[in-house]
Amino acid sequence: MNGVLIAHTPIAVDFWSLRRAGSARLFFLSHMHSDHTVGLSSTWARPLYCSPVSAHLLHRRLQVPKQWIRALEVGESHVLPLDEIGQETMTVTLIDANHCPGSVMFLFEGYFGTILYTGDFRYIPSMLKEPALRLGKQVHTLYLDNTNCNPALILPSQQEATRQIIELIRKYPQHNIKIGLYSLGKESLLEQLALEFRTWVVLSPRRLELVQLLGLADVFTVDENAGRIHAVDRTEICRSTMLHWNRTHPTIAILPTSRKIHISHPDIHIIPYSDHSSYSELRAFVAALKPCQVVPIVSGQPCRRYFQDSLSPRLPMPLVPASVRRYMSFSSRKQSFLWLLKRRLKKPRTQGVVFESLEENADQCQPDRDSKVKKENLSPQPGNPEQQPSLCTLRIKEQLLPDLYSKEWDGLVPFSESQGMATVVTAPLGLSVQLRSTDEEFTSSKTGEEIGLGPHLVPSGDNDGPATTRNQSTWMGQKPLQSPSSRAAPLLTTKFRGLALKYLLTPVNFFQAEFSSRSFDQQVEKYHRALAEVQSTAVLKIVSDG
């Protein structure tokens, strides 16, 4: 598993084992490759931050509920709280990692200094021109993708590797081409090959949906006979399948990878096309950043000694603020206790054995038993104490999980204001948050469409005060909304007035946007609109033919 728990912080990246996560409270996903999602499934129930493309794939492929997915726009800075009261915050910026669709690097800035987590990435010089990096910031800790950190491994650039693949295909003008890929990645390579040879690239329906959402050229199809370049799962590239393919049509297979693979058939060709940075590229990247320390992401493959001449002097470890320390320790204890309670509640109850005398009042007991059986068969079960949770259990659950036992949360609603590249989070007074069930969706104030990424926010409070009405109108971007209940939520108590955040672990634009607020949403809308047109055309054709 590739993932880290960043020391002295509540941050975890690509780490999904809650039992071993300790005091981690903010979880980030760099990309959707399987070695970075170990332990992540439909049962995940914590806020999770990622790019818009990864958010879409996360819900579609792993069925993670939308209410827990927090999509952050790539290239922008977002302010997130590091404690329960918003006293301590950090800024996180997402940078394109040039690895696979949706892959990003995370730049964290806070009391801990500046931390850059590359995830899996292929370095290109334009990365250093990102606004978040070109300002001359001192990177204190660099978590580096060291997959290819080996001086003996010489890799060409992606452009050179693409040229090698094109030359290989030209040597076999009459052959079908099978390109073995993982489920995600190298879609741009397929697009280049299609444009170069002016042929359709045959994909699986699952990958076709992805490339259409990414806005690539219209050169992909699922028709097996439409083109001679086929993208297949890399596990299909073996001796038996090569023999099968060549029985019907001359075929060669290409594996674009930097890994060492045993060739089991003479028509299988390996081209060193890699989505991970080469050793020379890693050297250039670290030399440009000059971090204080380098931490390898891939364990068991040390690389620190290769960058000693490019490091800046180490700085003393900053102290963890008291509010963050309390939040981390409290959350850790609460998580452990909840896990034990859940385990206890799931433990099967041992059934006892009741002995009765067979001699004493046998005749008298029989009618009573018959009448009792009839009553049980005719009456519902709610009166049976063994089939209902005890009152004590319900009270414990209500104390530990108040959000599940109350329809209203007397907290503060987030209110976003953008200032430059960073996003500042404040909260208007007199507003509260109402949580609906996880299956419900909320309506975007911009488009009026229902979207399903979390709790529905409804302003509430007294409408008599002009300040409250103004805050509501500004937050929703429209006329103030009336609360569904006249008893929605009381005014904020004195001890909570002036707080910027309360139990808020969401990105700033989350409550008014879907997975993304830019081009990705347009691509999704375009794809579904085109799909609907195709379906309507097919129906009309069937009706006319009939």
Side-chain angles (χ1 to χ4, degrees), residues 32-34 57 60-61 99-101 155-275 527 530-531 534-535 537-538 541-542 545:
M32 275 292 294
H33 277 162
S34 59
L57 297 174
R60 291 298 298 271
R61 297 191 176 182
H99 178 69
C100 71
L155 293 177
S157 64
Q158 289 181 330
Q159 292 76 14
E160 173 62 23
T162 302
R163 188 187 63 81
Q164 294 180 21
I165 295 175
I166 291 175
E167 290 181 356
L168 176 62
I169 295 176
R170 282 177 179 163
K171 293 179 181 179
Y172 299 90
Q174 304 301 323
H175 285 60
N176 284 342
I177 312 298
K178 305 288 185 178
I179 300 181
L181 304 174
Y182 291 102
S183 61
L184 183 67
K186 298 182 174 65
E187 286 78 14
S188 59
L189 170 63
L190 298 177
E191 181 185 36
Q192 288 181 267
L193 296 179
L195 297 175
E196 177 69 27
F197 294 99
R198 299 189 178 186
T199 181
W200 292 96
V201 173
V202 181
L203 305 177
S204 66
R206 187 179 188 183
R207 190 183 285 266
L208 178 64
E209 179 186 6
L210 172 63
V211 297
Q212 289 177 332
L213 293 178
L214 293 175
L216 299 179
D218 185 16
V219 294
F220 303 99
T221 181
V222 294
D223 186 357
E224 290 285 340
N225 301 318
R228 69 188 189 102
I229 299 179
H230 297 222
V232 299
D233 192 276
R234 66 175 304 277
T235 58
E236 294 186 46
I237 307 297
C238 59
R239 180 177 179 81
S240 60
T241 54
M242 292 301 300
L243 293 175
H244 172 72
W245 288 328
N246 277 282
R247 289 193 191 102
T248 57
H249 194 280
T251 303
I252 66 169
I254 299 175
L255 290 173
T257 180
S258 60
R259 298 184 178 183
K260 295 181 179 180
I261 300 177
H262 173 69
I263 299 178
S264 58
H265 192 277
D267 288 331
I268 298 178
H269 304 268
I270 298 178
I271 302 297
Y273 183 105
S274 180
D275 290 326
Y527 167 72
L531 186 62
V534 171
Q535 292 175 348
T537 304
K541 184 177 180 181
I542 293 174
D545 293 344

Checklist entry - Could you walk me through whether Asp223 and Trp200 pass the side chain to side chain contact (heavy atoms under 4.5 Å, CB included) check? => result CA-CA 9 Å; Asp223 186 357; Trp200 292 96; over 6 Å; no
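- What you find for Ile271 and Ala161 is that their closest heavy atoms are CG2-O, 3.7 Å.
- Between Arg207 and Glu187 a salt bridge is recorded (basic side-chain N to carboxylate O distance below 4.0 Å).
- No donor-acceptor pair closer than 3.5 Å links the side chain of His230 to the backbone N or O of Ile177.
- By the 4.5 Å heavy-atom criterion applied to side chains, Glu209 and Arg60 are counted as neighbours.
- Nearest heavy atom pair, residue Val211 against residue Leu203, reads CG2-CD1, 3.8 Å.
- Side-chain polar atoms of Asp233 and Thr235 form a donor-acceptor pair below 3.5 angstrom.
- Contact between Ser274 and Ser258 at its shortest, heavy atoms only, is OG-OG, 3.4 Å.
- Closest heavy-atom contact between Leu190 and Ala231: CD1-CB, 3.9 Å.
- Pairing each heavy atom of Arg228 with each of Ile169, the nearest pair is NH2-CG2, 3.6 Å.
- Closest non-hydrogen pair, Pro256 versus Lys186, comes out as O-CE, 3.0 Å.
- Counting only distance, with no hydrogens or angles, the side chain of Glu191 and the backbone of Ala217 share a donor-acceptor pair below 3.5 Å.
- Aromatic ring pairs are classed by plane angle as parallel below 30°, tilted from 30° to 60° and perpendicular above 60°; the pair Tyr172 and His269 is tilted.
- Ion pairing between Arg163 and Glu167 holds under the 4.0 Å rule for side-chain N and carboxylate O.
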Checklist entry - Checking side chain to side chain contact (heavy atoms under 4.5 Å, CB included) for the pair Glu236/Trp245: CA distance, chi angles, key distance, verdict? => result CA-CA 11 Å; Glu236 294 186 46; Trp245 288 328; 4.0 Å; yes
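- A donor-acceptor pair under 3.5 Å links the side-chain atoms of Asn246 to the main chain of Thr251, judged by distance alone.
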Item to check | Residues Thr241, His265; criterion side chain to side chain contact (heavy atoms under 4.5 Å, CB included); working and verdict | outcome: CA-CA 10 Å; Thr241 54; His265 192 277; over 6 Å; no
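- For the residue pair Asp218 and Gln212, no side-chain donor N or O sits within less than 3.5 Å of a side-chain acceptor on the partner.
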Next on the checklist: Between Tyr273 and Leu189, is the side chain to side chain contact (heavy atoms under 4.5 Å, CB included) condition met? List the steps.
Outcome noted: CA-CA 10 Å; Tyr273 183 105; Leu189 170 63; 4.0 Å; yes
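- A donor-acceptor contact closer than 3.5 angstrom links the side chains of His99 and His33.
- Using a 4.5 Å heavy-atom threshold, the side chains of Arg61 and Leu210 count as touching.
- For the pair Arg234 (side chain) and Leu255 (backbone), a donor-acceptor distance under 3.5 Å is absent.
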